[in-house]
Asks: 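Once you've had a glance at the structure underneath, I'll fire off some questions.
Here is the naming used below: chain letters follow the sequence lines, and residue numbers restart at 1 for every chain. Values below: all heavy atoms of this structure, side chains included; hydrogens, waters and symmetry mates excluded.
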Number of protein chains: 2
Amino acid sequence: MVADLPSPREQVLRTALRLFTEQGYFNTSVHDIARMAQVSIGSIYHHFKDKEGIAKALFEQLVTRMGAAFDAIEDAHKTAHDRCHAVVELLFRMTEAEPAVMAYMLHAQHQEFMPGELPVCSSRPFTQMRAMATAGMDTGEMRRMDPLVAATCLFGGPIRMISLRLDGILKNPLPQYLDEVWSASWRSVTA
Amino acid sequence: MVADLPSPREQVLRTALRLFTEQGYFNTSVHDIARMAQVSIGSIYHHFKDKEGIAKALFEQLVTRMGAAFDAIEDAHKTAHDRCHAVVELLFRMTEAEPAVMAYMLHAQHQEFMPGELPVCSSRPFTQMRAMATAGMDTGEMRRMDPLVAATCLFGGPIRMISLRLDGILKNPLPQYLDEVWSASWRSVTA
DNA sequence: GTCTATATCCAGATAGAC
DNA sequence: GTCTATCTGGATATAGAC
């Protein structure tokens with residue numbers, strides 16, 4: 001038996017992720033994608049409505065993946081502290097393993113090429129993160145503060161680290177900063 | 001005596017800032033700028049080498065402005081605590097007063113349309129912020145940690161708040177969160 | 001479902017009069 | 001320095017055979 005080759009649809013999404021993050025959405029032509037994915041233009045337009053459709057499908061795929069990963073974290077850990085810590089650890093590891101995924105989720109200005117769509121930080125993974133923070137205040141693990149402020153204090157530093165890493169400012173892999181960053185973040189929200 | 005009308009160059013920069021942040025660089029044509037700035041295309045290309053030249057000039061102008069504002073803060077305050085606090089306060093006030101300026105500095109993926117330029121977070125204002133954090137460790141106001149981590153802990157939360165505000169997630173003006181956010185940030189870097 | 005060839009459009013940039 | 005008119009390339013998207 002023979003392993004299936006990746007479907008053209010998958011090939012296109014994979015290639016689009018790479019090119020969109022390396023060169024930007026607007027600097028990437030559909031021809032570029034076709035060429036690098038070894039698929040014809042016609043085939044792309046058969047599978048996707050238009051160029052924006054590629055970006056949307058890609059975004060949904062990644063949002064779903066991250067959402068599932070966060071669900072798993074909620075199952076595996078019960079305190080807000082452990083859940084939020086696990087989220088940051090996951091994000092840091094993912095940034096190293098699949099920088100393009102993180103870049104597409106964080107950096108891209110989706111509103112510019114997917115007009116009418118909600119901004120990234122309204123997507124489910126971000127909502128989940130905010131819910132975890134809020135839960136921590138309800139259980140008393142964290143001190144009472146504005147919910148959005150709480151989430152921002154917990155995750156703002158780590159997310160900023162990811163940006164610096166993606167921009168090449170941080171030379172070392174993120175996980176080695178995990179303890180230092182996390183203890184600072186947690187300290188900022190406890191009584 | 002009559003007030004000078006804004007020079008065409010200024011008009012173009014003003015308009016470009018507005019359109020680039022509202023619609024994005026690639027969704028804005030030079031014709032759009034010409035029309036809204038009430039200047040002819042030819043005139044634009046007389047003052048700027050090309051479209052990218054507009055973006056670069058705009059960026060330099062804003063970087064210079066922020067750099068000067070930060071210099072003033074360094075003059076007016078002597079401790080790292082007071083300086084960093086003043087920076088966050090300034091950024092929060094600026095986000096409300098001139099959201100487009102903050103959006104262009106923070107949100108825009110400049111690498112996409114100014115290839116070869118250094119990323120935003122290598123620009124002087126960001127360097128100044130990191131230097132202030134480092135100074136705070138030297139004076140003993142802050143505990144010792146990796147310099148980049150320290151800066152990120154101090155400013156990552158506030159910057160994230162600005163993003164949320166620019167994206168319309170935060171409904172209230174930033175200054176009203178200043179105390180809560182700042183005390184959390186500072187707490188995260190002190191012994 | 002996949003391909004090639006092509007239509008259509010519009011952006012960036014220039015020429016050259018005033 | 002400013003303007004209008006124009007050139008030109010390249011992008012998105014489609015047509016229609018296989």
Asks: What residues, two or more places apart in sequence or in another chain, satisfy salt bridge (charged side-chain N to carboxylate O under 4.0 Å, His left out) together with B:Glu117?
Replies: B:Lys56
Asks: Check the orientation of B:His85 and B:Trp182. Use parallel for under 30°, tilted for 30 to 60°, and perpendicular for over 60°.
Replies: perpendicular
Asks: In residues 44-52 of chain B, which residues come under 4.0 Å of DNA chain C by heavy atom?
Replies: B:Tyr45, B:Asp50, B:Lys51
Asks: Can you name the residues that form a ring pair (Phe, Tyr, Trp, His ring centres under 6.0 Å) with B:Phe48, not counting sequence neighbours?
Replies: none
Asks: Show me the donor-acceptor pairs, under 3.5 Å and distance only, between side chains in residues 31-42 of chain A and residues at least two apart or in other chains.
Replies:
from, atom 1, to, atom 2, distance (Å)
A:Asp32, OD1, A:Ser29, OG, 3.4
A:Asp32, OD2, A:Ser29, N, 3.1
A:Asp32, OD2, A:Ser29, OG, 3.4
A:Ser40, OG, A:Ser43, N, 3.2

Asks: Of all of residues 18-34 of chain B, which get a heavy atom below 4.0 angstrom from DNA chain D, listed by number?
Replies: none
Asks: Using the test side chain to side chain contact (heavy atoms under 4.5 Å, CB included), find all partners of A:Leu106 that sit at least two apart in sequence or belong to another chain.
Replies: A:Met102, A:Phe126, A:Ile159, A:Ile162
Asks: Considering only residues two or more places apart or on different chains, which pairs with a residue in residues 151-163 of chain B satisfy side chain to side chain donor-acceptor pair (under 3.5 Å)?
Replies: none
Asks: Using the test salt bridge (charged side-chain N to carboxylate O under 4.0 Å, His left out), find all partners of B:Asp71 that sit at least two apart in sequence or belong to another chain.
Replies: B:Arg124
Asks: With sequence neighbours excluded, what pairs up with B:Arg65 under the salt bridge (charged side-chain N to carboxylate O under 4.0 Å, His left out) test?
Replies: B:Glu98
Asks: Please name all residues satisfying side chain to side chain contact (heavy atoms under 4.5 Å, CB included) with A:Thr79, sequence neighbours left out, ordered by chain then number.
Replies: A:His81, A:Asp82, A:Glu141
Asks: Taking any atom under 4.0 angstrom from a heavy atom of chain B, which nucleotides of DNA chain C are the first and last to qualify, 5' to 3'?
Replies: C:dA11 to C:dT14
Asks: Please enumerate all residues that pass salt bridge (charged side-chain N to carboxylate O under 4.0 Å, His left out) together with B:Arg165, with sequence neighbours excluded.
Replies: B:Glu96
